[in-house]
Amino acid sequence: MALIPTLLLAALAAAQPAPQSAKTDVKTAPTAAASVPAKAAPAKVWPIREADYTIPNFRFKSGETLPAVRLHYTMLGTPHRDARGQIDNAVMVLHGTGGTGKQFLNPVFADQLYGPGQPLDITRYWIILPDNIGHGLSSKPSDGLHMQFPRYDYDDMVEAQYRLLHDGLGIARMRLIMGTSMGCMHGFVWGETHPDYLRALMPLACEPVELAGLNRMWRQLLIDGIKADPAWAGGEYRTQPQLGLRTAESLLFIAGSAPINFQKLYPTRDDAGAFASERVTKAIAQLDANDLIYQVDSSRTYNPWPKLEAITVPTMWINSADDFINPRNLPYPEQAVKRMPNARFRLIAETPDTHGHGTHTWAVNWTADLVDLLARTEARP
């Protein structure tokens, strides 16, 4: 079976209780990336370390607070310090809606980037892969608060990332921040709110505008579909609301689709129908309804458009032509790069081998752009 990008992935294990004071707990273990296409070579085993950082008394933009917010994160490589003792090789990669940091151990991403001599060679760079608020093993509604969990948004998520990097890991300036989908949008928030904190920015698969039009419509229908299921019970369900989740995952499947690629891989009616049914059914089993509502709704306040001029960091922004979520004929990229003094934009052409919105994770499509960005932001003697 071909590997198909999915916007929403649930955590595979329950989160641990949050400690009550800020600290970093590190665990070290090798792991192999999941979701390898059939007949592919075995996935490489990457030497990862995992940790939890806890932020005490975290105040959300809504005014709500939590006594502790836990951020789980995965690391590859080690920090390097310059002559002043400052870490100078830290790279953060930010996942999309419903994902986790470990999705970037997938062979189509990791095997193009982390190896010897590759753009993010882990003998040169310290790679940090957080699970954002509401995702993976970080604090989220399904930990117990359900719909009483603070209604977080992208600003809250970026603030927590900053606290992890600056306060928790002691990084004075990031070498690079890159992100896919929601992580792409977080990148634009970073560029406006912390313009001097990063040396390079690489957003993949998003637009720097308010989520409106069809992009908000399918998200709203997804949320409405879950809430319309009587089994949702206002978020206090005993078992997952299956009808609502099927509606939600069906919308996600369409939003993440790649028409030409799917036509190539599933050229008959029976093949196409069987694949879609199987993928949606498997995905439902990994979802939590409340987590999903929060994840999709967290984009509601996103709108970097009015302050794009504040993004002065060298930026390489990439979208793909077969992206349902960010259609190629929207005028925003051409307008936006004129307002960001150090930004470049490229649109990946659609082919039978591109993957719709999920093209962002197939690094072969943009590795050369990353190499160029790192070269033009390399520190000069």
Side-chain angles (χ1 to χ4, degrees), residues 1-10 12 32-43 95-100 102-112 180-182 184 204-206 214-215 217-219 221-222 225-226 240 242-287 292 295-296 318-330 347-367:
M1 180 185 297
L3 178 67
I4 302 299
T6 305
L7 290 176
L8 269 294
L9 302 173
L12 299 179
S35 303
V36 183
K39 300 181 182 179
H95 62 75
T97 304
T100 72
K102 284 188 177 178
Q103 73 185 55
F104 298 115
L105 302 175
N106 193 301
V108 300
F109 190 93
D111 290 4
Q112 297 285 327
T180 63
S181 192
M182 178 182 75
C184 174
L204 298 158
C206 70
L214 186 59
N215 201 352
M217 291 176 189
W218 69 263
R219 294 168 192 263
L221 292 172
L222 182 157
I226 295 174
Q240 295 292 335
Q242 294 297 306
L243 292 178
L245 287 177
R246 181 165 293 278
T247 298
E249 185 56 39
S250 295
L251 284 162
L252 290 167
F253 179 87
I254 295 299
S257 65
I260 295 179
N261 178 258
F262 278 11
Q263 188 66 36
K264 170 187 171 182
L265 296 174
Y266 309 101
T268 71
R269 179 184 63 236
D270 290 344
D271 287 345
F275 172 75
S277 296
E278 179 186 10
R279 289 298 297 187
V280 168
T281 299
K282 285 185 176 180
I284 290 171
Q286 298 178 352
L287 296 176
L292 182 52
Q295 290 163 0
V296 174
I318 295 178
N319 283 356
S320 52
D322 56 351
D323 188 344
F324 173 92
I325 297 173
N326 302 292
R328 61 181 177 271
N329 52 346
L330 290 176
L347 185 71
I348 298 170
E350 181 178 21
T351 76
D353 296 313
T354 53
H355 300 271
H357 186 64
T359 299
H360 55 55
T361 299
W362 294 71
V364 67
N365 293 290
W366 44 260
T367 300

> So V108 and T361, side chain to side chain contact (heavy atoms under 4.5 Å, CB included) or not? Walk me through it.
Replying inline: CA-CA 7 Å; V108 300; T361 299; 4.1 Å; yes
Where [X] and [Y] come nearest, the two heavy atoms and their spacing:
X: N326; Y: D323; value: ND2-OD2, 3.0 Å
X: L222; Y: A248; value: CG-CB, 3.5 Å
X: R246; Y: I284; value: CA-CD1, 3.5 Å
X: R279; Y: F253; value: CB-CE1, 4.1 Å
X: W366; Y: I348; value: CD1-CD1, 4.3 Å
X: I325; Y: P327; value: O-CD, 3.4 Å

How many angstroms lie between atom [atom1] of [X] and atom [atom2] of [Y], to the nearest 0.5 angstrom?
X: D111; Y: L105; atom1: CG; atom2: CG; result: 10.0 Å
X: L214; Y: M217; atom1: CG; atom2: CE; result: 6.5 Å
X: F109; Y: T367; atom1: CZ; atom2: OG1; result: 9.0 Å
X: L330; Y: N215; atom1: CG; atom2: CG; result: 9.0 Å
X: T247; Y: L252; atom1: OG1; atom2: CG; result: 11.0 Å
X: E249; Y: I226; atom1: CD; atom2: CD1; result: 10.0 Å

Please check: side-chain N/O of [X] versus main-chain N/O of [Y], any donor-acceptor pairing under 3.5 Å?
X: N319; Y: A205; result: yes
X: T354; Y: T351; result: yes
X: Q103; Y: T100; result: yes

>> Just to verify, what does A321 make a side-chain contact (heavy atoms from CB on, under 4.5 Å) with, not counting sequence neighbours?
In response: R328, L347, E350
> Which residues satisfy the side-chain contact (heavy atoms from CB on, under 4.5 Å) test with A258, sequence neighbours excluded?
Replying inline: N261, D322
>> Working note: F324 + H357, criterion side chain to side chain contact (heavy atoms under 4.5 Å, CB included); need CA distance, chi angles, decisive distance, verdict.
In response: CA-CA 6 Å; F324 173 92; H357 186 64; over 6 Å; no
>> Ignoring hydrogens and geometry beyond distance, is a side-chain donor-acceptor pair present between H360 and S181 at under 3.5 Å?
In response: no
>> Under the criterion side chain to side chain contact (heavy atoms under 4.5 Å, CB included), I'd like the reasoning laid out for D353 against K264: C-alpha separation, chi angles, the key distance, then a yes or no.
In response: CA-CA 9 Å; D353 296 313; K264 170 187 171 182; 2.4 Å; yes
> Relative to the ring of Y266, is the ring of F275 parallel (under 30°), tilted (30 to 60°) or perpendicular (over 60°)?
Replying inline: parallel
